[in-house]
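Small disclaimer: the values here were computed from a predicted structure and weren't measured. Remember, it's 1-based here, ligands and their atoms both numbered in the order they're listed.
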Amino acid sequence: MENFRNILTEEKESVLYLTVNREDKMNALNFETLEELREIFDEVVDNKDIKAVILTGSGDKAFVAGADIQEISELNEVNARKFAENGQEIFAMIENCHKPVIAVTNGYTLGGGCELAMACHIRIATANAKFGQPEVNLGIIPGYGGTQRLTILVGRGKANELMMTGDMIGADEALQLKLVNYVLPTKADAIDKAEEIIAKIMSKAPLAIGMIIDCVNAAFLSDENGFQTEANSFARCVKSGDYVEGTSAFLEKRKPIFKGE
Ligand code: COA
């Protein structure tokens with residue numbers, strides 16, 4: 001995959017490493033960076049060589065310190081709605097991607113940065129990470145899905161408190177609130193942990209992984225019956241060669257070799 005102006009890309013052993021690379025702006029998400037994310041995830045869906053994604057921010061200070069406040073300061077009522085819908089659409093692409101996407105949140109993970117991390121399937125924080133939805137300080141609210149995903153992840157009371165106060169919390173509190181899965185001392189440790197999890201996931205049946213992502217996401221949607229999605233997805237798994245391979249391997253007391261078909 002090519003490199004983009006604001007996002008570094010590197011492929012290693014079927015894992016795509018993405019680094020938001022606007023270090024002088026705390027990796028803030030401007031419109032161009034969001035569009036690069038759209039282009040990248042469009043390709044991730046179809047590219048058979050990419051089996052997982054690790055997303056992080058450049059440097060040690062920030063994962064992403066929010067949407068770009070310069071751009072936010074120029075919005076009007078009409079394009080503000082589009083601004084929010086556009087970000088929501090791109091983050092939904094990440095959330096619905098059938099390949100695991102892990103956010104390594106190295107430092108400030110604020111506003112649109114926290115929303116971006118929450119759209120990923122798993123979050124691993126560095127010890128210096130700080131999380132928050134400080135939009136209220138700018139007279140606005142989260143617009144890239146934060147009001148919904150934060151509420152589901154940490155519950156109504158804490159979500160209200162975090163969004164209404166704009167307070168930042170540290171990595172340990174984020175872990176306690178289940179906003180992140182793990183806290184590791186450094187970015188290198190956090191990437192190691194992400195790679196360990198991905199290696200485990202990549203040894204499983206890819207179609208089943210995609211179905212798990214769909215079903216877990218269905219639990220977020222009030223207009224979808226998640227149990228029905230689960231039953232339908234379960235039935236789709238049973239049509240796959242990986243199902244035959246997985247069950248046969250168990251009965252034959254050998255390791256399965258999954259092909260993703
Ligand atoms: N959008 C645009 N620029 C941003 C930014 C954002 N969300 N966050 C940081 N930056 C820029 C700063 O303007 C500054 O640029 P400059 O050097 O050209 O002046 C640079 O990044 C460094 O930030 P600075 O504020 O000097 O660093 P700090 O260590 O003192 O503070 C933060 C770091 C993250 C606490 C602080 O930058 C901040 O509060 N950022 C905004 C967070 C936010 O409100 N996000 C939600 C947006 S909807």
Undergrad: Check each of Pro134, Gly146, Gly113 against atom 46 (C) of ligand 1 and report the one with the nearest heavy atom.
TA: Pro134
Undergrad: So, Thr126 versus Asn106: side-chain donor-acceptor pair below 3.5 Å or not?
TA: no
Undergrad: Write out the residue and atom name of the closest protein heavy atom to atom 33 (C) of ligand 1, then the distance separating them to 0.1 Å.
TA: Tyr108 CE1, 3.7 Å
Undergrad: Give the atom numbers and elements of ligand 1 that come within less than 4.0 Å of a heavy atom of Glu135.
TA: 48 (S)
Undergrad: Do the side chains of Glu11 and Ile50 get nearer than 4.5 Å, heavy atoms only?
TA: yes
Undergrad: Which residue pairs pass the ring-ring contact (aromatic ring centres under 6.0 Å, His included) test when at least one of the two sits in residues 196-233, sequence neighbours left out?
TA: none
Undergrad: Please check if atom CZ in Arg38 has more than 12 non-hydrogen atoms from other residues, nucleotides or ligands closer than 6.0 Å.
TA: yes
Undergrad: Which heavy atom of Glu32 sits nearest a heavy atom of Asn6, and at what distance?
TA: OE1-ND2, 2.8 Å
Undergrad: Any protein heavy atom under 4.0 Å from atom 15 (O) of ligand 1?
TA: yes
Undergrad: Salt bridge check: are Asp242 and Lys204 linked by an N-O gap of less than 4.0 Å?
TA: no
Undergrad: Would you call Asp24 a ligand 1 contact, heavy-atom distance under 4.0 Å?
TA: yes
Undergrad: Determine if the distance from atom 26 (O) of ligand 1 to the closest protein heavy atom is below 4.0 Å.
TA: no
Undergrad: Charged N to carboxylate O below 4.0 Å: is that the case for Glu245 and Arg254?
TA: yes
Undergrad: If you have a sec, work out which protein heavy atom is nearest atom 48 (S) of ligand 1 and how many Å separate them, to one decimal?
TA: Ile72 CD1, 3.5 Å
Undergrad: Answer yes or no on whether Lys193 is positioned over the face of Tyr182, meaning its NZ or CZ is under 6.0 Å from the six-membered ring centre and within 45° of the axis.
TA: yes
Undergrad: Among Pro142, Gly111, Ala65, whose heavy atom sits nearest atom 45 (N) of ligand 1?
TA: Ala65
Undergrad: Relative to atom 10 (N) of ligand 1, which among Glu23, Gln133, Lys25, Gln70 owns the nearest non-hydrogen atom?
TA: Lys25
Undergrad: Would Gly112 count as a polar contact of ligand 1, with the cut-off being nitrogen or oxygen pairs under 3.5 Å?
TA: no
Undergrad: Does the protein place a non-hydrogen atom closer than 4.0 angstrom to atom 1 (N) of ligand 1?
TA: yes
Undergrad: For residues 46-91, which residue pairs pass the ring-ring contact (aromatic ring centres under 6.0 Å, His included) check, not counting sequence neighbours?
TA: Phe83-Tyr144, Phe91-Tyr144
Undergrad: Please tell me whether Asp214 and Ser233 have a donor and an acceptor in their side chains that are separated by less than 3.5 angstrom.
TA: no
Undergrad: Nearest heavy atom to atom 29 (O) of ligand 1: which of Arg22, Met26, Lys61 does it belong to?
TA: Met26
Undergrad: Strictly less than 4.0 Å: does any protein heavy-atom distance to atom 43 (C) of ligand 1 fall in that range?
TA: yes
Undergrad: Can you report which non-hydrogen protein atom sits closest to atom 41 (C) of ligand 1, along with the distance?
TA: Ile69 CD1, 3.7 Å
Undergrad: Quick one: nearest non-hydrogen protein atom to atom 38 (C) of ligand 1, plus distance?
TA: Leu110 CD1, 4.8 Å
